[in-house]
Amino acid sequence: MNPRTYLIAPSILSANFARLGDEIEAVIAAGADLIHFDVMDIYYVPILSIGPLVLESLRRSGIKHTMDVHLMVKPVDRLIGDFLKAGADIISVHPESTEHLHRTLCSIREGGGRAGLVFNPATPIAVLEEAIHLVDLVLVMSVNPGFGGQSFIVESLRKVEQARSIIDRSGRDIRLEIDGGIKASNIASAAKAGADTFVAGSAIYGARDYGAAIRELRQALASA
Ligand code: DX5
Ligand code: ZN
């Protein structure tokens, strides 16, 4: 992936699960760059969402788009192999969800995936300094993980700035993604802080016209 090209990643958490394949095809047709696949387990976060069987079915039904899997699951290691086998491209994990983060990140790459590291609003960014050589993507949460449709936490922009400076100093090709409460009204501020990849659930799947919603986000980014 080319750094600093802005990418839009609709989160399927806000899609209609009864028609998930069609909902994903619809956002791909509307210009989605990645599909953000939120996995929740009721332990690490309060709700239960979907697992590798669903991803495998989507792949079997012919969906080839890049799958950006965000694991909000504890313990996380057990699921990594299953998601790689099911067809995940990027797998992102929270440092709180594993006892041995180094091993977890290595296992994603060794299995052929791209590894992402996720920071909650109150998780210190310092761990990124230790793990920068192991990651292909940094994901800054701009809400507390667990639900779609929450309000953007503006202080998370500072964490995006900190992550951007660590990534730039490393000279590595690493994507900086932001997730939670992203809308046309705040996406430019996230880009100015240094984000280049933008998850949006309710802002896209909550709109009647997915194409218009994605265009609106891109227009707002053009002013960043
Ligand atoms: C939150 C999830 C997000 C969420 C985004 O725990 O990780 O990906 O679905 O949804 P919006 O854009 O509605 O905040
Ligand atoms: Zn997510």
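Since the model is a prediction, treat every value here as computed from it, not as a measurement. Order of listing sets the numbers, starting from 1, for every ligand and every atom in it.
- Classification of the Phe198-Tyr6 ring pair by plane angle, with boundaries at 30° and 60°, yields perpendicular.
- Under the salt bridge (charged side-chain N to carboxylate O under 4.0 Å, His left out) criterion, Asp209 pairs with no residue, sequence neighbours left out.
- Annotation for Ser92 and Leu137: closest pair OG-CD2, 3.4 Å, computed over non-hydrogen atoms.
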Worked check of side-chain hydrogen bond (donor to acceptor under 3.5 Å, both in side chains) between Tyr44 and Glu96 | CA-CA 9 Å; Tyr44 183 67; Glu96 300 86 355; 3.1 Å; yes
Atom pairs, nitrogen or oxygen, ligand 1 to protein, under 3.5 angstrom:
{"residue": "ligand 1", "atom": "6 (O)", "partner": "Gly146", "partner atom": "N", "Å": "2.7"}
{"residue": "ligand 1", "atom": "7 (O)", "partner": "Asp38", "partner atom": "OD1", "Å": "3.0"}
{"residue": "ligand 1", "atom": "7 (O)", "partner": "His70", "partner atom": "ND1", "Å": "3.2"}
{"residue": "ligand 1", "atom": "7 (O)", "partner": "Asp179", "partner atom": "OD2", "Å": "3.0"}
{"residue": "ligand 1", "atom": "8 (O)", "partner": "His36", "partner atom": "NE2", "Å": "3.4"}
{"residue": "ligand 1", "atom": "8 (O)", "partner": "Asp38", "partner atom": "OD1", "Å": "3.2"}
{"residue": "ligand 1", "atom": "8 (O)", "partner": "Asp38", "partner atom": "OD2", "Å": "2.7"}
{"residue": "ligand 1", "atom": "8 (O)", "partner": "Asp179", "partner atom": "OD1", "Å": "2.7"}
{"residue": "ligand 1", "atom": "8 (O)", "partner": "Asp179", "partner atom": "OD2", "Å": "3.0"}
{"residue": "ligand 1", "atom": "9 (O)", "partner": "Ser11", "partner atom": "OG", "Å": "3.0"}
{"residue": "ligand 1", "atom": "9 (O)", "partner": "Asp38", "partner atom": "OD2", "Å": "3.2"}
{"residue": "ligand 1", "atom": "12 (O)", "partner": "Gly201", "partner atom": "N", "Å": "2.8"}
{"residue": "ligand 1", "atom": "13 (O)", "partner": "Gly149", "partner atom": "N", "Å": "2.8"}
{"residue": "ligand 1", "atom": "13 (O)", "partner": "Ser202", "partner atom": "N", "Å": "3.0"}
{"residue": "ligand 1", "atom": "13 (O)", "partner": "Ser202", "partner atom": "OG", "Å": "2.5"}
{"residue": "ligand 1", "atom": "14 (O)", "partner": "Gly181", "partner atom": "N", "Å": "2.8"}

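- Only protein N, O or S atoms were scored, and 4 of them lie under 2.8 Å from the Zn ion (ligand 2).
- At a threshold of 4.5 Å between side-chain heavy atoms, the hydrophobic network of Ile, Leu, Val, Met, Phe, Trp and Tyr places Leu101 and Ile108 in one connected group.
- Using a 30° and 60° split on the angle between ring planes, His133 and His102 fall in the tilted class, from 30° to 60°.
- Connectivity analysis of hydrophobic side chains (ILVMFWY, heavy atoms under 4.5 Å, direct or indirect) links Ile42 to Tyr43, Leu48.
- When each of Arg109, Arg114, Arg175 is tested with Asp136 by the rule salt bridge (charged side-chain N to carboxylate O under 4.0 Å, His left out), just one qualifies, namely Arg109.
- The main-chain N or O of Thr123 is found under 3.5 Å from a side-chain atom of Lys159 such that the two form a donor-acceptor pair.
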